[in-house]
Amino acid sequence: MSATEPLAKPRIGISACLLGAEVRYNGGHKRSSLCNDSLGRYLEFVPLCPEVAIGLGTPREPIRLVGDPRAPRAVGSRHPQHDVTEALAAYGERMAGELDDLCGYIFMQRSPSCGVERVKVYQDNGYPAEGGASGIFAQAFRARHPELPVEEDGRLNDPVLRENFLTRVFAYADWRRLCGAGLSRQAILDFHARHKYLLMANDPLAYKRLGHLLGDIGRHDPAEFGPAYFRRLMDALRHCATRGTHSNVLQHLSGYLKRALGADDRREMQALIDQYREGIVPLVVPLTLLKHHFRQHPHAYVARQVYLQPHPEALSLRNAI
Ligand code: SF4
């Protein structure tokens, strides 16, 4: 998605209880106002409740993870002989196959089915093992789509993690559109060029490594090169940008305005970047001024940079970081 293209609504898997469906073991829900009231305007949610889908009723006996944290079992908390591990894993694999058009997934944390990490795995002594595990459904689903951006609802309350997740979702959707139109070497190079400053903000080292990788693209079949490139890009975008790396990118971008701006405007731009770096103002402040100047002094290469608007502006994700 570039700053100039219209925003499509990416399809996102989500634990159904987060949308307010009364599917939890106790007949309740875990409605997330962030997902329902804010993100839902820009994402098309595909709700799934794996426990209901495999035939566990509502309300039901809660299940929990037990055994080896590297290969836990999901069993009834009062009737441990009731083992639903295989059923949850099979449903995860099946849905991962059917829903291959998703651009992300928001999972309910701590659930033995949906949790992404640190789900409690109970031991014979009645205490959970250190570290925990993934929920059975989430693990099976993710194994089929390792690059898919995923996040737990609770972690989305952190503004940096939230911004990072939405950045990855829209980059993923952008790549899907590219694949749909047909992968060519030029298309991959264009995609990379548009994501250059985003990558520089999220993972400066990967930015250099991917640049080298693309230098060699002429020797490869784009159908093989593309997925390998994208895997590395998504790995890199998983790193959260910091005030330091964002400031570095802002500095680079303002360099394109050096000749166009007078001394006072340049000083003002620099002051805002410094204030952002020091934590005095949020990212949206220097970015807004930067965009203002680029509107007055358009630059074709900068205008295509996804970094300027990697997700819908109305989500205000950069007001909070
Ligand atoms: S956490 Fe997952 S399995 Fe549990 S109620 Fe929510 S959607 Fe269903």
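Values reported hereafter were calculated over all heavy atoms of this structure, with side chains retained and with hydrogens, waters and symmetry mates removed. Whatever order the structure lists ligands and atoms in, that order sets their numbers, starting from 1. These numbers were taken from a predicted model, which means no experiment stands behind them.
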Evaluate the salt bridge (charged side-chain N to carboxylate O under 4.0 Å, His left out) criterion for residues Asp100 and Arg11: first the C-alpha distance (whole Å), next the side-chain angles of each, then the deciding distance (0.1 Å), finally the verdict. CA-CA 10 Å; Asp100 64 351; Arg11 273 163 65 80; over 6 Å; no
Atoms of ligand 1, numbered as shown, that sit under 4.0 Å from any heavy atom of Leu48: 7 (S)
So, for Phe230 and Tyr172, is the gap between ring centers shorter than 6.0 Å? yes
Atoms in ligand 1 flagged as close to Val23, the criterion being non-hydrogen separation under 4.0 Å: 5 (S)
Taking side chain to side chain donor-acceptor pair (under 3.5 Å) as the criterion, tell me which of His239, Arg232, Arg238 meets it with Asp235. Arg238
Any salt bridge between Glu93 and Arg144, counting N to O under 4.0 Å? no
Going by the 4.0 angstrom heavy-atom rule, the piece of Cys49 near ligand 1 is both
Short version for Met108: what comes under 4.0 Å of ligand 1, heavy atoms counted, is side chain
Between Val52 and ligand 1, which residue portion shows a heavy-atom distance shorter than 4.0 Å: side chain, backbone, both, or neither? neither
With under 30° as parallel and over 60° as perpendicular, where do the rings of His246 and Tyr307 fit, or are they tilted in between? tilted
From atom 2 (Fe) of ligand 1 out to just under 2.8 Å, does an N/O/S atom of Cys114 turn up? yes
What atoms in ligand 1 come closer than 4.0 Å to a heavy atom of Ala16? 7 (S)
Element-labelled atoms of ligand 1 that are located less than 4.0 Å from some non-hydrogen atom of Ser15: 7 (S)
For atom 6 (Fe) of ligand 1, what is the nearest protein heavy atom, given as residue, atom name and distance? Cys17 SG, 2.3 Å
Within 45° of the six-membered ring axis of Tyr25 and under 6.0 Å from that ring's centre, is NZ or CZ of Arg78 located there? no
Counting only heavy atoms not in Tyr301, do more than 12 sit closer than 6.0 Å to its OH atom? yes
